[in-house]
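Structure, as structure tokens:
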Amino acid sequence: MITQRQNDILNKIIDLFLETHEPVGSKALQDSIQSSSATIRNDMAKLEKLGLLEKAHTSSGRLPSSLGFKYFVENSLDVSSINQADVYRVVKIFDFEAFRLEDILERAAQIIAELTGYVGVVIDVEPARQRLTGFDIVRLSAHDALAVMMLDDSRTVTVQFAVPKNFLQKDLETLVELVNDRFKGQKVLEIHYKLRTEIPQIIQKYFTTTDNVLDLFDFIFANLFEETIMVSNKLATLEFSGSQAYQFVDRKQALAHCIRQHLVDNELVSITVADSQEPSLAQASLMTHQFLIPYRGYGLLSVIGPIEQDYRRTVSLLNVVSRVLSLKLNDYYRYLNSNHYEVN
């Protein structure tokens, strides 16, 4: 545990370093730390001994270490702070007409990346928590059809597929009947379990010929078990973490799993500094903010960036984007769920 003065010294060194990107000496601290230069140097030496500061090779100044940034985030950062200058800018950027939920989530990832200069990530509600509330099949031609699935009464997933050669029209109708009977109202996780246990046992009751039926089920429902994740500016990883991080960020399902692993229960904001369970991100920071998706649950906004960054600025941007995004989604779903009548 460090003293209040040592904490103030650490915070000031971090602020000055982020401003100048140069080592900070005791003289630069005297105006803001009401102590002698000798006392400040002694405290800096103690902070260095604790691993919170590092001595620069080219001068007598100190640099904040990875552990120093981590200590700052855990003990001094106000995760609820908002820079009012960001509010108008974010609201203006979000002023566009969206035709799909994915359009809004993708734009949010781009906004985070543009305003921070780092990697922006947005993740939809966790698939396992979503419910199948509607299912139908639309015949497109003699040989292909479109499965239409409604999740949480507000998100539509479509899958185009080739109709099996041995299928008749009544077989497609039977498939719709089976899905609505067994899956409607069920969580995606429960559907996944039933596809492996219940469905193989009962398809004989529904279909005269069962060839390809299980494969068709797997194909139609495969996308439901995958995360909907948007990533923007993945090239930024090459500047602060290298090619392995770039390759990992490109594996979207693995990235979504990694981000969820770092969430802290009952906390709106989670921040990891040089402490990721994913080796390629071990020398990076991961900041995640939950946001409300009306009618459905919570999504995630994340920033993957360098250890040496302005965390106050980043957390403010995440706070602003999360609030404006929730308002945008609220308007989007309100429009979808409203009744529209022409008035003559």
Side-chain angles (χ1 to χ4, degrees), residues 7-24 28 47 51-54 56 61-87 89-90 108-122 231-246 248-249 255 258-259 262-264 267-290 300-322:
N7 187 72
D8 292 342
I9 290 173
L10 175 62
N11 291 350
K12 188 61 179 178
I13 288 177
I14 288 176
D15 289 341
L16 291 173
F17 174 74
L18 291 174
E19 182 181 334
T20 65
H21 298 285
E22 296 288 342
V24 180
L47 291 171
L52 302 179
L53 294 179
E54 296 175 349
R62 304 296 201 284
L63 307 172
S65 65
S66 298
L67 189 60
F69 276 106
K70 182 177 180 180
Y71 187 91
F72 165 78
V73 166
E74 293 176 351
N75 295 276
S76 299
L77 181 65
D78 179 6
V79 297
S80 63
S81 65
I82 286 181
N83 184 334
Q84 294 299 323
D86 293 328
V87 177
R89 186 177 182 185
V90 173
Q110 293 170 352
I111 291 171
I112 293 171
E114 289 170 9
L115 297 181
T116 64
Y118 308 137
V119 182
V121 183
V122 179
V231 180
S232 184
N233 195 28
K234 62 184 179 182
L235 281 172
T237 55
L238 298 176
E239 299 178 7
F240 57 82
S241 283
S243 60
Q244 289 187 337
Y246 175 86
F248 176 72
V249 168
L255 175 60
C258 174
I259 290 173
H262 288 89
L263 291 178
V264 179
E267 288 193 9
L268 192 65
V269 180
S270 300
I271 305 175
T272 299
V273 180
D275 196 27
S276 176
Q277 300 173 28
E278 166 55 39
S280 66
L281 299 180
Q283 295 303 310
S285 66
L286 173 62
M287 186 180 300
T288 300
H289 195 303
Q290 298 187 57
L300 303 175
L301 295 172
S302 293
V303 174
I304 302 172
I307 295 169
E308 299 174 352
Q309 65 167 287
D310 187 344
Y311 289 93
R312 293 189 186 93
R313 169 73 170 156
T314 306
V315 77
S316 171
L317 287 169
L318 279 183
N319 284 333
V320 173
V321 173
S322 67

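Within the model, atoms OG of Ser65 and CG of Leu10 stand 8.0 Å from one another, a figure rounded to the nearest 0.5 Å. For the atom pair NE2 of His21 and CG of Leu63, the computed distance is 11.5 Å after rounding to the nearest 0.5 Å. Between the CG atom of Leu53 and the CD1 atom of Ile13 there is a distance of 4.5 Å, given to the nearest 0.5 Å. Distance CD1/Ile259 to CE/Met287: 13.0 Å, rounded to 0.5 Å. For the atom pair CZ (Arg62) and CG (Leu47), the distance works out to 9.0 Å, reported to the nearest 0.5 Å.
Scanning both residues, Val320 and Val87, for their nearest heavy atoms gives CG1-CA, 3.8 Å. Listed here is the closest heavy atom pair of Ile14 and Pro64: CG1-CB, 3.7 Å. Minimum heavy-atom separation, Gly51 to Leu67: O-CB, 3.5 Å. Residues Phe240 and Ala284 approach most closely at CE1-CB, 4.0 Å, considering heavy atoms. Taking every heavy atom of both residues into account, Ser241 and Ser280 meet most closely at CB-O, 4.1 Å. The two atoms that bring Glu22 and Phe17 nearest to each other are O-CD1, 3.6 Å, heavy atoms only.
The shortest side-chain heavy-atom distance between Leu115 and Arg89 falls under the 4.5 Å cut-off. Gln290 places a side-chain heavy atom less than 4.5 Å from the side chain of Leu300. Residues Thr288 and His262 form no side-chain contact, since every pair of their non-hydrogen atoms from C-beta on lies 4.5 Å or further apart. At a threshold of 4.5 Å between non-hydrogen side-chain atoms, the residues Ser232 and Glu114 do not count as touching. Between Phe72 and Leu52, every side-chain heavy-atom pair lies at or beyond the 4.5 Å cut-off. A heavy-atom distance below 4.5 Å is found between the side chains of Asp86 and Arg313. Here the side chains of Val79 and Leu268 are not in contact, with every heavy-atom distance at 4.5 Å or above. For the pair Gln244 and Pro279, the minimum side-chain heavy-atom distance is 4.5 Å or more.
Looking only at distances, no side-chain donor or acceptor of Ser316 sits under 3.5 Å from a matching main-chain atom of Arg312. In this structure, Ser276 contributes its side chain and Ala282 its backbone to no donor-acceptor pair below 3.5 Å. Between the side chain of Ser270 and the backbone N or O of Val264 there is at least one donor-acceptor pair closer than 3.5 Å.
Relative ring orientation between Phe69 and Tyr311 is described as tilted, the plane-to-plane angle lying within the 30° to 60° band.
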Item to complete: Please report the C-alpha distance between Leu235 and Tyr246 in whole Å, then the side-chain angles of each, then the deciding distance to 0.1 Å, and finally whether the side chain to side chain contact (heavy atoms under 4.5 Å, CB included) criterion is met.
Response: CA-CA 7 Å; Leu235 281 172; Tyr246 175 86; 3.7 Å; yes

Worksheet item: Passes side chain to side chain contact (heavy atoms under 4.5 Å, CB included), Ile304 versus Leu255? Steps please.
Response: CA-CA 11 Å; Ile304 302 172; Leu255 175 60; 3.8 Å; yes

Item to complete: Could you check Ser302 against Leu286 for side chain to side chain contact (heavy atoms under 4.5 Å, CB included), going step by step and ending with a plain yes or no?
Response: CA-CA 7 Å; Ser302 293; Leu286 173 62; 4.2 Å; yes

Worksheet item: Can you check side chain to side chain contact (heavy atoms under 4.5 Å, CB included) on Val231 and Val249, steps first, answer last?
Response: CA-CA 8 Å; Val231 180; Val249 168; 3.6 Å; yes

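When each of Leu301, Asn233, Thr314, Leu317 is paired with Ile112, the side chain to side chain contact (heavy atoms under 4.5 Å, CB included) condition holds for Leu301 and for no other.
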